[in-house]
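Input: a single structure, listed below in structure tokens.
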Amino acid sequence: MKLAWIFLLILVSLSSYPSLVWAQLAKSRNTLLDSKRVYSDRPKFPDNGAPTGRRKGGTSRDGCTPLNMPITALVPGEEIAEESKSFLTLTISEYPTFWVYVPDLPLNARFGEFLLQDENDENIYRISLSLPEKASVFGITLPEISQYTLKTNKNYQWYFKVFCGDPQKISDYYYVKAWVQRVPLTSKLESQLNLAPSTRYTTYAANHLWQDAITNLANLRLNNPDSHILVEDWRLLLKDIGLSELAPVPIMKLDKPQQGVTQSN
């Protein structure tokens, strides 16, 4: 009789095991979601003062086919009346990636250019780009060559242009302009980054390192296209700088800048 009771208890325990497992998995998933949502409670990206640039490139210019939306530098900024201002951003990267939004383009506006200069307007890096036909967000990364390395505590300005014709000739163009400064990597920040390697964008954002936050999150989205968490955090990131309308735009991977962009699912 005693053995029968023991056997019955074992059966009951086994039958309840799956539900216990699922409950634990659900609890773990909710904990994960909650931990990642800490990101949305971080401080906003501040106006770091001068120098400032031009965040949006307008929708019409003489000699250009009007655009349905302006080209936009994905950086913190503000829109006041007719003025679109970009704020100085920070990075710890020697070779950061610069992100832009480009709307649907007409046939005569498929050529672009990226230009990085120092504070004295001296050119550091320049490259021509073949642009996609459809609206997209993509990044331009500095080549990992010593001559392009950003020095710490120095301001650099970058331009992104969309030409309305042959870029080899004098032509009109839309453009955006922003400033970036590389800051030193502190031991405290390095420790914070090592604690959460899979969500480093949250740490970058909390430390106002805009270029690193957007690059890390954009790359995670490219590598994990089915992640609803990353989609939501991308929306929150752009919302924080007043560009939430660009959140649904596809992110493109710039494989070979001189040859154009290819979409990554």
Taking the side chain as every heavy atom from C-beta outward, state whether [X] and [Y] have any atom pair closer than 4.5 Å.
X: Asp121; Y: Gln157; value: yes
X: Tyr156; Y: Lys151; value: yes
X: Thr59; Y: Pro70; value: yes
X: Lys85; Y: Ile80; value: no
X: Tyr125; Y: Gln147; value: no
X: Tyr204; Y: Leu90; value: no

Trp179 and Ser86 side chains, donor-acceptor separation under 3.5 Å:
no
Does the side chain of Tyr201 come under 3.5 Å of the side chain of Asp233 through a donor N or O and an acceptor N or O?
yes
Counting N and O atoms only, with roles assigned by atom type, does the side chain of [X] sit under 3.5 Å from a partner on the main chain of [Y], one being a donor and the other an acceptor?
X: Thr215; Y: Asp212; value: no
X: Arg200; Y: Ala196; value: no
X: Asn120; Y: Glu122; value: no
X: Arg55; Y: Val75; value: yes
X: Thr199; Y: Thr202; value: no
X: Glu133; Y: Asp104; value: no

Under 6.0 Å between the ring centres of Tyr173 and Phe163?
yes
Which heavy atom of [X] sits nearest to which heavy atom of [Y], and what is that distance?
X: Ala247; Y: Arg235; answer: CB-CA, 3.9 Å
X: Pro132; Y: Leu105; answer: O-CD1, 3.7 Å
X: Leu67; Y: Pro106; answer: CD2-CD, 3.9 Å
X: Val249; Y: Ser136; answer: CG1-CA, 3.4 Å
X: Gln211; Y: Thr91; answer: CB-CB, 3.8 Å
X: Pro103; Y: Asn68; answer: CB-OD1, 3.4 Å

If hydrophobic clusters are built by linking Ile, Leu, Val, Met, Phe, Trp and Tyr wherever their side-chain heavy atoms come under 4.5 Å apart, do Val231 and Tyr101 end up in the same one?
no
Is there a path of hydrophobic side-chain contacts, each under 4.5 Å between heavy atoms of I, L, V, M, F, W or Y residues, that connects Ile145 with Phe98?
yes
Determine, step by step, whether Asn123 and Leu115 satisfy the side chain to side chain contact (heavy atoms under 4.5 Å, CB included) criterion, reporting the C-alpha distance in whole Å, the side-chain angles of both residues, the deciding distance to 0.1 Å, and the verdict.
CA-CA 7 Å; Asn123 291 351; Leu115 173 64; 3.5 Å; yes
What do the steps show when you test Thr141 against Tyr148 for side chain to side chain contact (heavy atoms under 4.5 Å, CB included), and what is the final call?
CA-CA 11 Å; Thr141 304; Tyr148 305 134; over 6 Å; no
Hey, could you give me the [atom1]/[atom2] distance between [X] and [Y], rounded to the nearest 0.5 Å?
X: Ile251; Y: Leu246; atom1: CD1; atom2: CG; result: 11.0 Å
X: Ile71; Y: Lys161; atom1: CD1; atom2: NZ; result: 10.5 Å
X: Arg182; Y: Tyr95; atom1: CZ; atom2: OH; result: 8.5 Å
X: Trp99; Y: Leu238; atom1: CH2; atom2: CG; result: 11.0 Å
X: Leu236; Y: Ile241; atom1: CG; atom2: CD1; result: 12.0 Å
X: Asp172; Y: Cys164; atom1: CG; atom2: SG; result: 5.5 Å

Show the numbers, then the answer: is there a side chain to side chain contact (heavy atoms under 4.5 Å, CB included) between Val102 and Phe138?
CA-CA 8 Å; Val102 176; Phe138 57 85; 3.9 Å; yes
From CA spacing to verdict: side chain to side chain contact (heavy atoms under 4.5 Å, CB included), Leu209, Val183:
CA-CA 9 Å; Leu209 297 168; Val183 295; 3.8 Å; yes
Flag yes if more than 12 heavy atoms outside Leu195 fall under 6.0 Å of its CG atom; otherwise flag no.
yes
With the threshold set at 4.0 Å, does a side-chain nitrogen-carboxylate oxygen contact exist between Glu119 and Lys154?
no
Charged N to carboxylate O under 4.0 angstrom, Glu245 versus Lys56?
yes
Does the ring of Tyr175 carry Arg54 above it, NZ/CZ under 6.0 angstrom from centre and within 45° of its axis?
yes
Have a look at Ile92 and tell me which of Thr152, Asn207, Leu185, Thr186 forms a side chain to side chain contact (heavy atoms under 4.5 Å, CB included) with it.
Leu185
